[in-house]
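Note sheet for the following structure.
Chain letters run A, B, ... following the sequence lines, proteins first and then strands; every chain starts at 1.
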There are 2 protein chains.
Amino acid sequence: MFELDVRSRRPIYEQLTDKIKELILYGILRSDEQLPSVRTLSAQLTVNPNTIQKAYRELEREGYIYSRPGKGSFVSPAQQGTNAAKRAEVRDELLRLMAEAVYLGFTESEISVLFKQASEQKGEEDQP
Amino acid sequence: MFELDVRSRRPIYEQLTDKIKELILYGILRSDEQLPSVRTLSAQLTVNPNTIQKAYRELEREGYIYSRPGKGSFVSPAQQGTNAAKRAEVRDELLRLMAEAVYLGFTESEISVLFKQASEQKGEEDQP
DNA sequence: TTAACTGTATTATTAATAATAGTACAGTTG
DNA sequence: CAACTGTACTATTATTAATAATACAGTTAA
């Protein structure tokens, strides 16, 4: 379900929250869908349960999931399919990066070419 | 000369190397120009000298600067003005980010708008 | 020549924090 | 009741950036 880089500088729990957020925002995890239990995921990823719990706690704090003691953790309906947040995020990053690109003399046509490349890339691997 | 975020997760020495690399690649630091001495910069940034030294050592290892015991540390002529490396780097990042943008439904015209915004931005703050 | 700079090297210590380990408690479900 | 769930807490380990404290040698200018 996930790939983690245990020797990354990014903490494991943070890698986890980000991946799960993406799955939710992209709608891959659906509303009220149950997430793996803390202990199950811990075993799957061979990571300490406390690390998983920390990720889940953070996700709940941010409203991405809700947890019911004794039942499990589930995707929060409010967030599902909300690409808006992700879009804004990507937009900001793009703006920052393009400012640099401008500095380095990138032209608009170069940018267009890059965008086309990115489009083709997606076309190949997606949509079976 | 620099702004550091001492509470960033990015190590200080790494923030330093990156900033200096940029100054060199953008040609702001010229060939054979002398960098601040380890101790001077250490005092200016209120950072331990060893941290500065670590950054300088890394920069020398990567060929950005050369150091002469007793004299100082200087910009390596080979690297000055070499935007090629930086361009390639930014290009890669852009491609990766645009792939995500495509996923999120960004259109080419949206991208163009972003590029224009970035261009204007630069125009304002640069070139007096 | 000497004082005050330079870079370089080394060792030890501190600080911060992610991750682990272990245990406990309570709700849910079959 | 047994086996799951989430939650909470404390303690410990491991990693690593940063600091501290010296020491040595080359350069330079007064």
Per A:V38 side chain, nearest of listed nucleotides D:dT19, D:dA18, D:dG6: D:dG6
Residue A:I12, side-chain atoms from C-beta onward, closest of C:dA19, C:dA21, C:dG7: C:dA19
Contact nearer the 5' end of DNA chain C, comparing A:E14 with B:G72: B:G72
For atom CG of A:N50 and atom C1' of C:dT23, their distance in whole Å: 11 Å
hbond_proxy A:N48 side chain to C:dG22 base (donor-acceptor, 3.5 Å cutoff): no
Nucleotide D:dT5, atom C1' - distance to CZ of A:R57 in whole Å: 16 Å
Atom pair CD1/CZ of B:I52 and B:R39 - distance to nearest 0.5 Å: 12.0 Å
Touch class at under 4.0 angstrom, heavy-atom based, for A:V47 against every strand present: sugar-phosphate
Distance (rounded to the nearest 0.5 Å) between A:L94 CG and B:Q117 CD: 11.0 Å
Protein-nucleotide distance (A:I52, atom CD1; D:dT5, atom C1'), rounded to Å: 15 Å
Shortest side-chain distance from A:S73, nucleotide among D:dA17, D:dT27, D:dG6: D:dG6
Criterion side chain to side chain contact (heavy atoms under 4.5 Å, CB included) on B:V47 and B:S42, from CA distance to verdict: CA-CA 5 Å; B:V47 155; B:S42 150; 5.6 Å; no
Nucleotide C:dG7, atom P - distance to CG of B:L41 in whole Å: 10 Å
Sugar-phosphate only, base, or nothing, as touched by A:T40 at under 4.0 Å among non-hydrogen atoms: sugar-phosphate
Selected nucleotide, minimal atom distance to B:T51 side chain, candidates D:dT7, D:dA18, C:dA21: D:dA18
Integer-rounded Å distance: C:dA19 C1' and B:R9 CZ: 14 Å
Aromatic A:F106 / basic B:R87 pairing, under 6.0 angstrom, 45° off normal: yes
Among C:dG7, D:dG6, C:dA9, the one nearest B:R39 by side-chain distance: C:dG7
From CD1 (B:I20) to CD (B:E62), nearest 0.5 Å: 11.5 Å
4.5 Å side-chain heavy-atom contact, B:L16 and B:Y56: no
Listed nucleotide nearest any side-chain atom of B:Y13, set D:dG6, C:dA18, D:dA18: D:dA18
Residue-phosphate contact under 4.0 Å: B:K71 side-chain N/O, D:dT28 OP1/OP2: yes
Gap between atoms NZ and P, on A:K54 and C:dT17 respectively (whole Å): 10 Å
Spacing between A:Q53 atom CD and C:dA26 atom C1', to the nearest angstrom: 14 Å
Phosphate contact (C:dG7 OP1 or OP2) by B:S67 side-chain N/O below 4.0 Å: no
Sugar-phosphate, base or nothing in reach of B:E60, heavy atoms under 4.0 Å: sugar-phosphate
Separation of D:dT28 P from B:R68 CZ (nearest whole Å): 12 Å
